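Because the structure is predicted, anything quoted here is derived from the model rather than measured.
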Amino acid sequence: SWLEEQDYKYRTLYLELTTLKQTLKWLREERLVRSSDPIRLNLTKPSRESGTYCYTEQEVQAILRYCACHEDLRWLGELLYVLAYTGMRVGEATQIRWEDIDLHGDMGFIHVRDESRGSKVVDAKNVRSTKTGRGRTIPMHRCLYALFEKKSDSAKGPVFHGPKGGRAKPDTIRNVFIRNVITPLGLKLHPHDPGHRF
């Protein structure tokens, strides 16, 4: 009911409720809860058709120009630049480190790494992962090559940082993106749609 009141999409409701059902089922099987009654809640699978809004080329260019013209948004503009030219998810982009940027040869590459398998639980907070559980290598557009080449000489650690220079967090990035870029530009956005991404 709370999610519905906040105008979340059905796909989000389905995901949240399914996760709760699965969690409670596991707790019962492991005998970590006293109740033996399963949740009886029939859920209709959401349509496979995506309602995600895709920005046009003109809108993307407007977004990038807007960030470039505002000193306090340049950090975000560089991240959005990479998302626009690679198709990476924001969570993947925030995990990229300078050692993942390969500028050798005429065409560079970005290595998106998944370290979730075989990692110790102690390191879980800093373990990099992808949605599919597999890493991949993305050929670098010449525009990105120029962007990374400018900074790569002495750069170490994470490629992207948050607005105050700290760790780049996807939620913070989305909030700043909506509040400081999308809203002033008057562009469309469905902030409660989990499928939405730049």
Side-chain angles (χ1 to χ4, degrees), residues 3 6-9 12 15-16 52-103 108-116 123-131 135-136 138 140-198:
L3 290 173
Q6 298 299 314
D7 200 29
Y8 277 74
K9 304 296 181 187
T12 302
L15 176 64
E16 296 282 345
T52 302
Y53 180 77
C54 295
Y55 297 112
T56 65
E57 183 179 346
Q58 291 75 20
E59 288 173 328
V60 171
Q61 293 303 326
I63 289 167
L64 297 177
R65 277 196 305 273
Y66 187 85
C67 290
C69 292
H70 293 77
E71 183 66 34
D72 60 331
L73 291 174
R74 286 187 183 170
W75 65 274
L76 178 62
E78 291 180 352
L79 174 60
L80 296 178
Y81 205 71
V82 171
L83 296 181
Y85 280 96
T86 63
M88 276 194 284
R89 296 175 178 88
V90 67
E92 294 173 337
T94 57
Q95 297 180 89
I96 295 173
R97 302 178 66 82
W98 280 105
E99 56 263 33
D100 302 324
I101 305 298
D102 183 355
L103 296 175
F109 294 92
I110 301 174
H111 300 285
V112 180
R113 307 191 190 278
D114 186 285
E115 305 165 333
S116 58
D123 302 323
K125 188 176 180 181
N126 297 315
V127 167
R128 295 183 289 174
S129 61
T130 62
K131 186 175 181 179
R136 65 189 187 282
I138 302 174
M140 197 181 297
H141 189 279
R142 62 182 179 278
C143 295
L144 295 182
Y145 192 100
L147 173 69
F148 289 129
E149 194 175 33
K150 289 179 187 175
K151 302 184 167 191
S152 64
D153 292 340
S154 58
K156 291 182 180 178
V159 172
F160 299 109
H161 299 276
K164 296 182 180 178
R167 183 180 172 190
K169 298 177 182 177
D171 285 343
T172 301
I173 290 164
R174 286 189 189 97
N175 290 336
V176 173
F177 179 55
I178 294 168
R179 184 182 64 242
N180 296 358
V181 181
I182 292 303
T183 302
L185 286 174
L187 297 179
K188 296 179 182 179
L189 182 72
H190 303 290
H192 299 314
D193 180 355
H196 178 87
R197 67 178 198 231
F198 188 84

Engineer: Does Asp100 pair with Arg97 as a salt bridge, N-O distance under 4.0 Å?
Structural biologist: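 Between Arg97 and Asp100 there is no salt bridge, as every charged N stays at least 4.0 Å from the carboxylate O atoms.
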Engineer: Looking at Thr172, is its backbone amide N or carbonyl O close enough to the side chain of Asn175 to form a donor-acceptor pair, meaning the two atoms are under 3.5 Å apart?
Structural biologist: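 Between the backbone of Thr172 and the side chain of Asn175 there is no qualifying donor-acceptor contact (under 3.5 Å).
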Engineer: Taking atom CD of Glu78 and atom CZ of Phe148, what is their separation to the nearest 0.5 Å?
Structural biologist: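 Rounded to the nearest 0.5 Å, the CD-CZ separation comes out at 8.5 Å.
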Engineer: Quick one: pull up OH in Tyr85 and CG in Leu147 and give me the separation to the nearest 0.5 Å.
Structural biologist: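 Rounded to the nearest 0.5 Å, the OH-CG separation comes out at 11.0 Å.
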Engineer: Which pair of non-hydrogen atoms, one from Pro184 and one from Arg179, has the smallest distance, and what is that distance?
Structural biologist: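 Heavy-atom minimum between the residues: CD-O, 3.4 Å.
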Engineer: As an exercise, state the distance from CG of Leu79 to CD1 of Ile173, rounded to the nearest 0.5 Å.
Structural biologist: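 Rounded to the nearest 0.5 Å, the CG-CD1 separation comes out at 5.0 Å.
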Engineer: Starting at CZ of Phe177, measure out to CG of Leu83 and round the result to the nearest 0.5 Å.
Structural biologist: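 Output value for this atom pair is 9.0 Å.
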Engineer: So do the side chains of Gln95 and Arg89 get within less than 4.5 Å of each other, counting heavy atoms only?
Structural biologist: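 No, their side chains stay 4.5 Å or more apart.
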Engineer: Once side-chain hydrogen bond (donor to acceptor under 3.5 Å, both in side chains) is applied, do any residues pair with Glu57, and if so which ones, sequence neighbours excluded?
Structural biologist: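 Glu57 satisfies side-chain hydrogen bond (donor to acceptor under 3.5 Å, both in side chains) with no residue once adjacent residues are dropped.
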Engineer: For residues Phe109 and Met140, report the shortest heavy-atom separation together with the two atoms involved.
Structural biologist: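 That closest heavy-atom pairing would be O-CE, 3.4 Å.
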Engineer: Would you indicate whether Arg74, at its atom CZ, is surrounded by more than 12 heavy atoms from other residues, nucleotides or ligands within a distance under 6.0 Å?
Structural biologist: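 Correct, the count exceeds 12.
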Engineer: Of all residues at least two apart in sequence or in a different chain, which pass the side-chain hydrogen bond (donor to acceptor under 3.5 Å, both in side chains) check with Asp102?
Structural biologist: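 Partners of Asp102 under the side-chain hydrogen bond (donor to acceptor under 3.5 Å, both in side chains) test: His104.
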Engineer: Working to the nearest 0.5 Å, report the span between CD1 of Ile138 and CG of Leu144.
Structural biologist: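 It comes to 9.5 Å.
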Engineer: Output the distance between atom CD1 (Ile101) and atom OH (Tyr145), rounded to the nearest 0.5 Å.
Structural biologist: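 One finds 11.5 Å between CD1 of Ile101 and OH of Tyr145.
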